2 protein chains.
Amino acid sequence: MQKATADKSDPIAAQLAPVGRETVQDRVYLELRRALIGGLFEPSQVLTIRGLADALMTSTMPVREALGRLITEKALEALPNRSVRVPPITLERMDDLLRARILIEGEAIALAATRMTPRQITTIESMLGEWDEMRALKHKKDVDREVTLNQAFHFEIYRACGSAVLIPMIESLWLQSGPCIRVAIYAFSDAGEVDTAHYHRTIVKAIAAQDAKGARDALVADISRPFTFLRSKLEAEAKKGQSV
Amino acid sequence: MQKATADKSDPIAAQLAPVGRETVQDRVYLELRRALIGGLFEPSQVLTIRGLADALMTSTMPVREALGRLITEKALEALPNRSVRVPPITLERMDDLLRARILIEGEAIALAATRMTPRQITTIESMLGEWDEMRALKHKKDVDREVTLNQAFHFEIYRACGSAVLIPMIESLWLQSGPCIRVAIYAFSDAGEVDTAHYHRTIVKAIAAQDAKGARDALVADISRPFTFLRSKLEAEAKKGQSV
DNA sequence: TTATTTGATTTGTGATCACACTTGCATTGA
DNA sequence: TCAATGCAAGTGTGATCACAAATCAAATAA
């Protein structure tokens, strides 16, 4: 009987999965999470358990638990009908999210600025180069890659703040603002070029100088951009809609 | 066929449950939440799905979903064994939690100080009286009532900050620091009298004067107390354990 | 043609079952 | 006596089923 167990826990398999096998539930959760941060779902979109279960090639059980988790961290919204949807974008919510992000991510980067090791600073410096690479082949604007790189850059910094409490909160905030960001980035692309790398360079410079206040200010400028841009866009649309 | 539906959705029943029937899952979730904030579970305690299901008189289904939700908001901890427990208290975690609470609850009360209506201020003023009532019958130190009143006071303020993003974060922080707080309050009781009402009075005074900075400072003093107290207690124990 | 109703389909929720893994205890061996 | 092995109870996870509520569409009546 223990044979089967021994087969799965032999040295080779043990190395492949050293601690804690991955559950389907976690896979589904991470999948949905990635989709939300990346803005693959659009605001107000309704999600169904069975639909997601089919799409993710599993039963309804892991999906419903993953949805429940995402609802508690406000990444999704439970309607009184008991259906769940991606929260819609409103001006109030955007301001609210931006304020919270400035507060918490600002604190995290201020902490990180005094704690990052030369090794870690080298890592985020090397990420600056990737922006230049992307700019080189500008014929294809790869929004997915932009989002991924931006996320990797920020969280490399946040991880260094050393707070096991703040980091999950920041993840939750990104989860909530993911749909807005994607909309904003597309709007950016339409409006012309924007230089994310420039803002990131300023951040890296401040961190390298262990300038906590400078890093915080640079970060605020960086994360405010898409919000203020999207805000003016929404206001313009609202005014147009009002006149029609 | 719709008869049965009509019976349950007739005017009377509709008034009793105007929006969204309560699900067993939510009941379990709120129950566990209340227990955690109130510190009814002790740190490092292991919880089992079937055990909780029996205690809450339901099946395992609602419990596992509630546990999953609590794990994502770091109120509970998933061990590699796949068992779940209340996170243990460490000095690092306490400092981490306190810093986050000062940051976020401080911001919330600063916002609330400029937005609370006279009606709302009257409400929190009336809560001050309850502390005096409790003090009157000091023969029975009702820790549960202290915890509940303290919670009601703080959240009456936080709700007034008008941020749908900050409030859930604060709830999550209370959930995480609940077990610590309970331990600290018991330690308080052993160490003698402490005047929570005094700190709350200072907070109310600042809010009534719309003094955002004063309210923030008073709040920091209030929420720091149990943490610094528990910290010195843990450090003393650690030193004693080290010498033995 | 339009509004109402009836029926069928879809959906979320809770319960139960099957399976794999862990844990703890008792038995067996040196 | 002590360590190791084997068995049994307990536990989490995923799948499936049953049921009630909601949604949608077609048919009927005005």
Side-chain angles (χ1 to χ4, degrees), chain A residues 1-10 13-14 16-32 44-72 76-86, chain B residues 1-14 16-32 44-72 76-86:
Chain A
M1 273 98 252
Q2 265 75 353
K3 277 283 184 64
T5 302
D7 285 347
K8 286 193 178 177
S9 64
D10 68 353
L16 291 177
V19 289
R21 308 160 307 283
E22 62 175 11
T23 68
V24 180
Q25 178 186 152
D26 288 338
R27 182 178 68 82
V28 170
Y29 173 71
L30 292 175
E31 203 84 26
L32 293 177
S44 298
Q45 180 178 352
V46 174
L47 305 178
T48 67
I49 294 181
R50 286 176 172 89
L52 290 174
D54 290 345
L56 293 168
M57 307 256 293
T58 179
S59 77
T60 63
M61 184 60 55
V63 174
R64 52 199 278 193
E65 307 202 349
L67 286 186
R69 291 165 71 178
L70 290 168
I71 289 171
T72 63
L76 295 176
E77 195 180 29
L79 300 175
N81 318 338
R82 307 215 173 173
S83 60
V84 351
R85 69 169 177 185
V86 181
Chain B
M1 276 101 247
Q2 265 77 352
K3 276 285 183 63
T5 301
D7 284 349
K8 285 192 179 177
S9 64
D10 68 353
I12 297 177
L16 291 177
V19 287
R21 309 160 308 284
E22 64 176 11
T23 68
V24 180
Q25 178 186 154
D26 288 338
R27 183 178 68 82
V28 170
Y29 174 72
L30 292 175
E31 202 84 26
L32 293 178
S44 298
Q45 181 178 350
V46 173
L47 305 178
T48 67
I49 294 181
R50 286 177 173 89
L52 290 173
D54 290 344
L56 293 169
M57 308 256 292
T58 178
S59 78
T60 63
M61 184 60 56
V63 175
R64 53 198 279 191
E65 307 204 347
L67 285 187
R69 291 166 70 178
L70 290 168
I71 289 172
T72 63
L76 295 176
E77 194 180 30
L79 300 175
N81 316 339
R82 307 217 174 169
S83 61
V84 350
R85 70 169 177 185
V86 181

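Just so it is clear, the structure is predicted and the values come from calculations on it, not from any experiment. Reminder, nothing fancy here: chain letters follow the sequence lines and each chain counts from 1.
- One can place CZ of A/Arg82 at 11 Å from P of C/dG12, the figure rounded to the nearest angstrom.
- One axis for each end of the helix from C/dT1-D/dA30 to C/dA30-D/dT1, each built from five base pairs, and the angle between them comes to 10° at 10° resolution.
- In this structure, B/Leu76 atom CG and D/dG12 atom P are separated by 12 Å, rounded to whole Å.
- Between A/Gln25 and B/Arg64 the shortest side-chain heavy-atom distance does not fall below 4.5 Å.
- When rounded to the nearest whole Å, the span between CE of B/Met61 and C1' of D/dA15 equals 10 Å.
- Between D/dA21 and A/Asn81, no contact under 4.0 Å exists linking OP1 or OP2 to a side-chain N or O.
- The minimum heavy-atom distance linking A/Asp26 with A/Arg69 is given by the pair OD1-NH1, 3.3 Å.
- Note: CD (B/Gln25) to P (C/dA15) measures 11 Å, nearest angstrom.
- For A/Arg64 against D/dG14, no side-chain N or O and base N or O form a donor-acceptor pair under 3.5 Å.
- Taking A/Arg27 as the reference, A/Val24, A/Glu31, A/Thr58 meet the side chain to side chain contact (heavy atoms under 4.5 Å, CB included) condition, with sequence neighbours excluded.
- A/Ser59 and A/Ala53 make their closest contact through O-CB, 3.4 Å (heavy atoms, listed as atom of the first residue, atom of the second, distance).
- Using a 4.5 Å cut-off on side-chain heavy atoms (C-beta onward), B/Leu52 and B/Val28 make no contact.
- Less than 4.0 Å separates DNA chain D from at least one heavy atom of each of the following residues of residues 48-60 of chain B: B/Thr48, B/Ile49, B/Arg50.
- To the nearest 0.5 Å, atom CG of residue B/Leu47 and atom CZ of residue B/Arg85 are 11.0 Å apart.
- Taking atom CD1 of residue B/Ile71 and atom C1' of nucleotide D/dT13, one finds them 13 Å apart after rounding to whole Å.
- Atom P of nucleotide D/dT11 and atom CZ of B/Arg85 are separated by 18 Å, given to the nearest angstrom.
- Counting heavy atoms from C-beta outward, A/Leu76 and A/Val86 have side chains that approach closer than 4.5 Å.
- Here C/dT23 presents its C1' atom at 14 Å from CG of B/Leu79, a figure rounded to the nearest Å.
- Here D/dG14 presents its P atom at 7 Å from CD of A/Glu65, a figure rounded to the nearest Å.
- Rounding to the nearest 0.5 Å places CD1 of B/Ile49 at 12.0 Å from CG of B/Asp54.
- B/Leu70 contributes atom CG, which lies 13.5 Å from atom CD of B/Glu77 (distance to the nearest 0.5 angstrom).
- Counting any heavy atom pair closer than 4.0 Å across all strands shown, A/Leu47 reaches sugar-phosphate atoms only and no base atom.
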